[in-house]
Amino acid sequence: MKKNITVRYFAGFREHAGVSEEEVSLAVSNAGDVFERLKHRHGSEEPLGHCKVAVNDEMADWDAVVNDGDTVLLFPPVAGG
Amino acid sequence: MKKNITVRYFAGFREHAGVSEEEVSLAVSNAGDVFERLKHRHGSEEPLGHCKVAVNDEMADWDAVVNDGDTVLLFPPVAGG
Amino acid sequence: MLITSATIYPEELKKNLIDRGAGAYVSFEGWIRDQNDGQEVLRLEYEVYEPVAVAEGKKVIAGAMQKFPLLHVNCVHRSGLLEIGDCAVWVGVTSAHRDEAFSACRYIIDQVKVRLPIWKKEHYVAGHSDWVNCERCATHDHQHPQASVS
Amino acid sequence: MLITSATIYPEELKKNLIDRGAGAYVSFEGWIRDQNDGQEVLRLEYEVYEPVAVAEGKKVIAGAMQKFPLLHVNCVHRSGLLEIGDCAVWVGVTSAHRDEAFSACRYIIDQVKVRLPIWKKEHYVAGHSDWVNCERCATHDHQHPQASVS
């Protein structure tokens, strides 16, 4: 069953996707699935472990369940400071 | 053979001696001897290792030779910062 | 925890950490260097996702307050375009003794660098630019395929 | 290395450590606390033997520059009477990366505290005063015997 998800891309991911946010309809169960299914959008060849994800503005693990209507934020490797 | 030595006292040592500097004539060979011979002046019951000494404005070990005409600075345990 | 696009003034920020019981103040400032990984840097661009960066930063600070006996802590991180020499991040800590102030200040900047959703793009003197830490996720000649997701 | 009886202004001192290659600035400030060892402190008096304190301080800084890849370092220590909240000592370090800046700043303040001929006398709210670190060398009821050395 497909879920309607809002995906937000940041930094290099956004530049690759050419948009900062889009609505997608995907048959996924968790955040990691979203990342994998949208590789052609964010363009990342980084392993999942180097990247981070937030669901509805809360930092999450890659195996966090994604529900219909959720917003998934895909974060490339961070580099603050 | 006695040596003429200028001794300078600091902090608690000075307060105990009641003077910051005095000339003494002592039969001593090294800085540690000066410290021991002047216990009634600086009043310290601290072990030598807790205190420090300088000879002619150079930090020195307690076994540093003291010569006639030298100035010996007796430092109580330091507490900078 | 504060994210700001305005200049950071550590001396002003320090005032909020003052405490009669404080014997130690340790601060860290991250400045924009003129080079990185052998390349000459012209300027830097910080992208920050503020809602999560602030929330995570607050968690980092709360964690530090739990780990160490501190009096006051704060952290400010810049967003936007920064020039060489600009202060990108400031961490300030006060405590009774210096040991915990050093440990906590170090802990906070280390955590901030790996946990907050902040990215920096280095613009090089040679003309190109790169997202730091992300060699394999931002290609220079990337294309922008139209969304064809289903 | 500087010994001064005037107020320390870290923000001014920091300016001398600026460097285009600096990515990290770590500073330590020692502030006068309102208590020590369970006693309420009113104010503090620093006695410094300046010629040796400056010489030793310079050796500490030179040692730090040798141990760590630093860009700039400085240390200023107060002498004289200080009130609660006053800055008694400042150490500032810049380097390319933060690891060496933290390590060096810590190293310098640790060394300064044990190597420089500096003493502090705490004046307590209760009325008495004590040289810190020196329980057995400064008695409150000390007498001043006349010199009778031979």
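Per chain, numbering begins at 1; letters A, B, ... match sequence-line order. Below, all heavy atoms of this structure are taken into account, side chains as well, without hydrogens, waters or symmetry copies.
- Against chain C, the residues from residues 79-86 of chain D that qualify, each with a non-hydrogen atom under 4.5 angstrom away, are Ile84(D) in number order.
- Contacts of residues 8-17 of chain D with chain C at a heavy-atom distance below 4.5 Å involve Pro10(D), Glu11(D), Lys14(D), Leu17(D), listed in sequence order.
- Residues of residues 52-63 of chain D having a heavy atom under 4.5 Å from any heavy atom of chain C: none.
- For Ala96(C), the parts lying near chain D are the backbone and the side chain together; criterion is any non-hydrogen pair under 4.5 Å.
- In this structure, CD in Glu29(D) is found 10.5 Å from OG1 in Thr94(C), a value given to the nearest 0.5 Å.
- The line from CD1 of Ile18(D) to CH2 of Trp31(C) is 5.5 Å long, rounded to the nearest 0.5 Å.
- Among residues 100-117 of chain D, the residues having any heavy atom closer than 4.5 Å to a heavy atom of chain C are, in sequence order, Phe102(D), Cys105(D), Arg106(D), Ile109(D), Asp110(D), Lys113(D).
- Both the backbone and the side chain of Asp99(C) come within less than 4.5 Å of a heavy atom in chain D.
- Other residues, nucleotides and ligands contribute more than 12 heavy atoms inside 6.0 Å of the CD atom of Gln39(C).
- Taking chain D as the reference chain and counting heavy-atom pairs below 4.5 Å, the highest number among Gly30(C), Gly21(C), Ala22(C) is found for Ala22(C).
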